Amino acid sequence: MATILLALEHNEPLDEAVYCEVMFDWNISGEIPEHRDFIYEKGIPFLERSGIKVTVLRSSMTYIDSFYRVLKKGSHIGCINGWPLCGRCCIQRDCKLPPIEAYRKGLDEAVVQYIGIAYDEQERLLRLDGAKVSLLEKYQKTEADAVELCKRAGLYSPMYSFTNRGGCFFCPNAKRRELRHLYDHHPDLWARLLACQQAENKVTERFNRSERFDEIDAEFRWQDQQYSLFTDPVREKAA
């Protein structure tokens with residue numbers, strides 16, 4: 001969004017904004033609900049009011065499709081794919097990048113993609129080629145500058161009140177605060193991930209690098225129980 005704001009401010013060429021929405025299943029977005037609402041209720045309407053064409057893409061494969069896919073080669077033949085691995089995200093590979101690449105190839109002429117990498121993310125900037133450019137680099141805008149650009153425009157996602165990163169609600173890289181938010185505010189989504197944990201014959205039982213999802217659930221339940229011991233008015237009176 002900061003990239004688009006810079007493009008509008010500096011009259012940079014901008015034909016359209018392309019958003020690929022990763023889906024958990026055919027009905028449920030992979031986005032954290034607060035962020036999905038922001039995208040559709042604030043982000044896209046702002047772009048359309050600004051005269052920018054918006055294209056929303058979705059893959060033919062969902063997270064659940066990937067999760068329950070039976071492997072036919074490699075060392076885990078016959079197992080279901082299961083949880084995506086940290087640092088080797090099959091969801092990005094299968095559900096996000098292919099629709100974007102297919103759309104790009106379907107356009108009639110050469111395309112230059114604006115990529116939202118900030119001026120102070122030098123390691124990531126070095127990986128860009130001529131077909132992908134960063135306006136944040138061109139105008140020397142850091143990550144903090146990008147935040148301020150979005151805040152001033154009223155286009156700062158509420159997601160950043162409980163996380164400093166974007167990611168699907170099922171991301172194995174999710175930090176404790178993100179997981180706790182999902183547990184507290186979206187029990188329906190939490191329950192769906194618990195159901196995934198119960199699936200048998202997965203490549204790995206670990207949701208992230210070190211824990212099963214039901215172990216994280218047990219930790220949060222224990223925390224709630226400990227909290228209730230100190231806040232239950234009946235217990236306090238008896239004490």
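Note that these values count all heavy atoms, side chains included, but never hydrogens, waters or copies made by symmetry. On a predicted model such as this, the values are computed, not experimentally measured, just so you know.
With salt bridges taken as basic N to acidic carboxylate O contacts below 4.0 Å, none links E121 and R127.
Taken to the nearest 0.5 Å, the CZ atom of R221 stands 14.5 Å off from the CD atom of Q226. One finds the CG atom of L136 at 8.5 Å from the CG atom of L125 (value rounded to the nearest 0.5 Å). Atom-to-atom distance recorded for S134:OG and I117:CD1 is 6.5 Å, nearest 0.5 angstrom. From T204, atom OG1 reaches atom CZ of R212 across 9.5 Å, with rounding to the nearest 0.5 Å.
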message: Apply side-chain contact (heavy atoms from CB on, under 4.5 Å) to residues L128 and V133 and explain how you reach the verdict.
response: CA-CA 7 Å; L128 295 182; V133 299; 5.8 Å; no
message: Before you tell me yes or no, could you show the steps for E21 and Y19 under side-chain contact (heavy atoms from CB on, under 4.5 Å), namely the whole-Å CA-CA distance, both residues' side-chain angles and the distance that decides it to 0.1 Å?
response: CA-CA 6 Å; E21 182 175 20; Y19 163 56; 3.4 Å; yes
- request: Check the pair D94, R69 against side-chain contact (heavy atoms from CB on, under 4.5 Å), reporting the backbone distance first and the verdict last.
  value: CA-CA 12 Å; D94 297 338; R69 178 168 58 89; 4.0 Å; yes
message: Determine whether L135 and Y114 satisfy the following criterion, side-chain contact (heavy atoms from CB on, under 4.5 Å), listing intermediate values before the conclusion.
response: CA-CA 7 Å; L135 292 184; Y114 291 141; 3.8 Å; yes
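Panel note: side chain K96, backbone R93; no donor-acceptor pair is recorded below 3.5 Å. In this structure, the side chain of S50 does not engage the main chain of I52 through any donor-acceptor pair within 3.5 Å. The backbone N or O of G78 sits nowhere less than 3.5 Å from a side-chain atom of K72 that would complete a donor-acceptor pair. In terms of modelled atom types and a separation under 3.5 Å, the side chain of D65 and the main chain of T62 share a donor-acceptor contact. Using a distance-only test at 3.5 Å, with no hydrogens or angles considered, no donor-acceptor pair links the side chain of N208 to the main chain of N173. Counting only distance, with no hydrogens or angles, the side chain of E211 and the backbone of R206 share no donor-acceptor pair below 3.5 Å. Listed for the D188 side chain is no donor-acceptor partner under 3.5 Å among the backbone atoms of A191.
Checking Y183 against D224 by side-chain atom types alone, a donor-acceptor pair falls below 3.5 Å. When only modelled atom types and interatomic distance are considered, R180 and Q223 share a side-chain donor-acceptor pair under 3.5 Å.
You'll find the side chain of I100 reaches within 4.5 Å of the side chain of Q113, heavy atoms only. The side-chain heavy atoms of V56 and I44, taken from C-beta on, include a pair separated by under 4.5 Å. Taking 4.5 Å as the limit, some side-chain heavy atom of R176 sits within range of a side-chain heavy atom of I216. Between F24 and L193, the closest side-chain pair of non-hydrogen atoms falls below 4.5 Å. Residues R192 and D25 are in side-chain contact: their nearest non-hydrogen atoms beyond the backbone lie under 4.5 Å apart. Side-chain contact between L6 and I4 is absent, with no heavy-atom pair separated by less than 4.5 Å.
Of the residues listed (P99, P98, C90, C95), the one engaging M61 in a side-chain contact (heavy atoms from CB on, under 4.5 Å) is C95, and it is the only one. Residue S157 forms a side chain to side chain donor-acceptor pair (under 3.5 Å) with just one option from E34, R36, H35, and that option is H35.
Around OH of Y40, the count of heavy atoms belonging to other residues, nucleotides or ligands within 6.0 Å exceeds 12. E200 CD: 12 or fewer foreign heavy atoms inside a 6.0 Å radius. Within 6.0 Å of NZ in K42 there are 12 or fewer heavy atoms belonging to other residues, nucleotides or ligands.
In the hydrophobic clustering, where aliphatic and aromatic side chains (Ile, Leu, Val, Met, Phe, Trp, Tyr) are joined below 4.5 Å either directly or transitively, L71 groups with V203.
By the ring-ring contact (aromatic ring centres under 6.0 Å, His included) test, H186 is found to be paired with H181, residues two or more places apart in sequence or in another chain being considered. Checked against side-chain hydrogen bond (donor to acceptor under 3.5 Å, both in side chains), S59 has no partners two or more places apart in sequence or in another chain. Every residue two or more places apart in sequence or in another chain that forms a ring-ring contact (aromatic ring centres under 6.0 Å, His included) with F207 is listed here: W83, F213.
Scanning all heavy atoms of the two residues, the minimum distance from L5 to L155 falls at CD2-CD1, 4.2 Å. Nearest approach of Y68 to C196, heavy atoms of both residues: OH-CA, 4.1 Å.
When hydrophobic clusters are built by joining Ile, Leu, Val, Met, Phe, Trp and Tyr residues whose side-chain heavy atoms come closer than 4.5 Å, directly or via intermediates, M23 is not grouped with M159. Hydrophobic clustering (side-chain heavy atoms under 4.5 Å, transitive across Ile, Leu, Val, Met, Phe, Trp, Tyr) groups L189 together with Y63. Note on I28 and L179: same hydrophobic cluster, where clusters join Ile, Leu, Val, Met, Phe, Trp and Tyr whose side-chain heavy atoms are under 4.5 Å apart, directly or indirectly. Hydrophobic clustering of Ile, Leu, Val, Met, Phe, Trp and Tyr side chains at less than 4.5 Å, counting indirect connections, keeps I32 apart from I39. Under the 4.5 Å side-chain heavy-atom criterion for ILVMFWY residues, no single connected hydrophobic cluster contains both F67 and L85.
Residue pairs meeting the side-chain hydrogen bond (donor to acceptor under 3.5 Å, both in side chains) criterion with at least one partner in residues 135-146, sequence neighbours excluded, are E12-K138, E12-Y139, T142-D145. For residues 159-171, the set of pairs meeting the side-chain hydrogen bond (donor to acceptor under 3.5 Å, both in side chains) definition, not counting sequence neighbours, comprises T163-E178, N164-K175, R165-E178.
Two rings, from F169 and W190, have their centers 6.0 Å or more apart.
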